J.: 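Let me give you the structure first, and then I'll get to my questions.
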Amino acid sequence: MCSSDLGFQTTIQDLGRFGFRKLGIPTSGAADSKSLMDANSIVGNPKTNPVLEHTFYGGIYRFNTSSIISITGAKCNPTINGRVVSQYVSIEVKIGDEIEINHPERGCRVYMAVQGVFDLPKVMESYSTYLPAKFGGYNGKVLEIGDTLEWKTQLSDVKSTEFPKENIPYFSSKIAITIENGPEYNKLDDQSVKRLFSGSFVVDSQSNRMGIRLTGEKLISPNFEMVSSPVIPGVIQLPPSGNPIILMNDGQTIGGYPRIGIVNEPELWRLGQVKTGDRIKLVSNHLL
């Protein structure tokens, strides 16, 4: 499979690398882990296999061998040789076929699985690309025109599988996310607590795989000495600007900002589909 048109940001991702945060290495992995696992399931792969993660426009791929693929995540009306094909189904591709991953109508990340496993080396027990340090995935970088991916075929009986429609997520531009109190939550003043939960925040254009930056009514950052402490994906930090940041897959492993909340882990994948201008309402798990 060869990339013949440049996507915005396409990388190889699996479910991430674990056990290396003590060395300062983040988890990385698919921003929307559910869509990754769904894509693998449809083609009969183990759910941990690496896939292509496309952010916004995915580009065009020419297949040099026949295979079975699936496309999940953001609704993007993908095409094969100019013909629109469905998502969340297994798709047979033939030699010479060209697949285009178009701009999403809803959500922002599209996942493409190929039956088998990409012929790439693991780095720290994972195929995931970590762009800031330039390792993992395809030479530690985003895919570019002319890059060629090969894969090892794995035995599977899958020929034509359709994903249950009731399990296909709908990616809205307005979402509610449940959070737990963070270690420094109790240091917020009453006004900031009210602002945290009363309205919604807008996703800022500076958001990326490291963190989702939120704008809205500013919170008051607690004024106290804080030693840098461990953080994980889903932790909500509050910098002096008063605009919260939700750490994502490529986020740092320690931080010095107050940790005012933690996204419930089962909901973290939904944040992998938010884009600039989307609205996020934070809901306290203790008020449900």
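In this text, all values refer to a predicted model and were calculated from it rather than measured experimentally.
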J.: Taking only residues two or more places apart in sequence, or in another chain, which ones meet E150 in a salt bridge (Lys or Arg N to Asp or Glu O under 4.0 Å)?
T.: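 So E150 forms no salt bridge (Lys or Arg N to Asp or Glu O under 4.0 Å) with any residue.
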J.: Quick one: hydrophobic cluster around V202, which other residues, with the 4.5 Å side-chain cut-off, linked directly or via members?
T.: none
J.: Just jot down the salt bridge (Lys or Arg N to Asp or Glu O under 4.0 Å) partners of E184, sequence neighbours excluded, or say none.
T.: R259
J.: For E267, which residues count as a salt bridge (Lys or Arg N to Asp or Glu O under 4.0 Å) partner, sequence neighbours excluded?
T.: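 E267 satisfies salt bridge (Lys or Arg N to Asp or Glu O under 4.0 Å) with R270 only.
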J.: Identify, with sequence neighbours excluded, every residue that meets side chain to side chain donor-acceptor pair (under 3.5 Å) alongside D97.
T.: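 By the side chain to side chain donor-acceptor pair (under 3.5 Å) rule, D97 matches N81.
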J.: For Q13, enumerate each residue passing the side chain to side chain donor-acceptor pair (under 3.5 Å) test, keeping only those at least two apart in sequence or located in another chain.
T.: T11, S128
J.: Salt-bridged, D250 to R209, with N to O below 4.0 Å?
T.: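 Salt bridge: yes.
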J.: Only counting residues at least two apart or in another chain, list the ones meeting side chain to side chain donor-acceptor pair (under 3.5 Å) with T253.
T.: none
J.: Show which side-chain atoms of residues 63-72 pair as donor or acceptor with protein atoms under 3.5 Å away, not counting sequence neighbours.
T.:
unit_1 : atom_1 : unit_2 : atom_2 : d
S70    : OG     : A39    : O      : 2.7
T72    : OG1    : S35    : O      : 2.7

J.: Can E125 and R17 be counted as an ion pair, charged N to O under 4.0 angstrom?
T.: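 No, E125 and R17 are not salt-bridged.
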J.: For K34, is there an ion pair with D38 - N to carboxylate O distance below 4.0 angstrom?
T.: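 Salt bridge: yes.
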J.: For N77, enumerate each residue passing the side chain to side chain donor-acceptor pair (under 3.5 Å) test, keeping only those at least two apart in sequence or located in another chain.
T.: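 Testing N77 for side chain to side chain donor-acceptor pair (under 3.5 Å), a comparison that skips the adjacent residues, returns E105.
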J.: Can I get a per-line list of side-chain donor-acceptor pairs under 3.5 Å for residues 140-147, giving both atom names and the distance, sequence neighbours left out?
T.:
unit_1 : atom_1 : unit_2 : atom_2 : d
K141   : NZ     : D147   : OD2    : 2.5
D147   : OD2    : E144   : N      : 2.7

J.: How would you list, by chain and number, every residue that makes a salt bridge (Lys or Arg N to Asp or Glu O under 4.0 Å) with R21, sequence neighbours excluded?
T.: none
J.: Show me, pair by pair, the donor-acceptor contacts under 3.5 angstrom made by side chains of residues 54-62, not counting sequence neighbours?
T.:
unit_1 : atom_1 : unit_2 : atom_2 : d
H54    : ND1    : V110   : O      : 3.0
H54    : NE2    : Y61    : OH     : 3.1
T55    : OG1    : R109   : NE     : 3.4
Y57    : OH     : D5     : OD2    : 2.9
Y57    : OH     : E100   : OE2    : 2.8
Y61    : OH     : G58    : O      : 3.1
R62    : NE     : E98    : OE2    : 3.2
R62    : NH2    : E98    : OE2    : 2.6

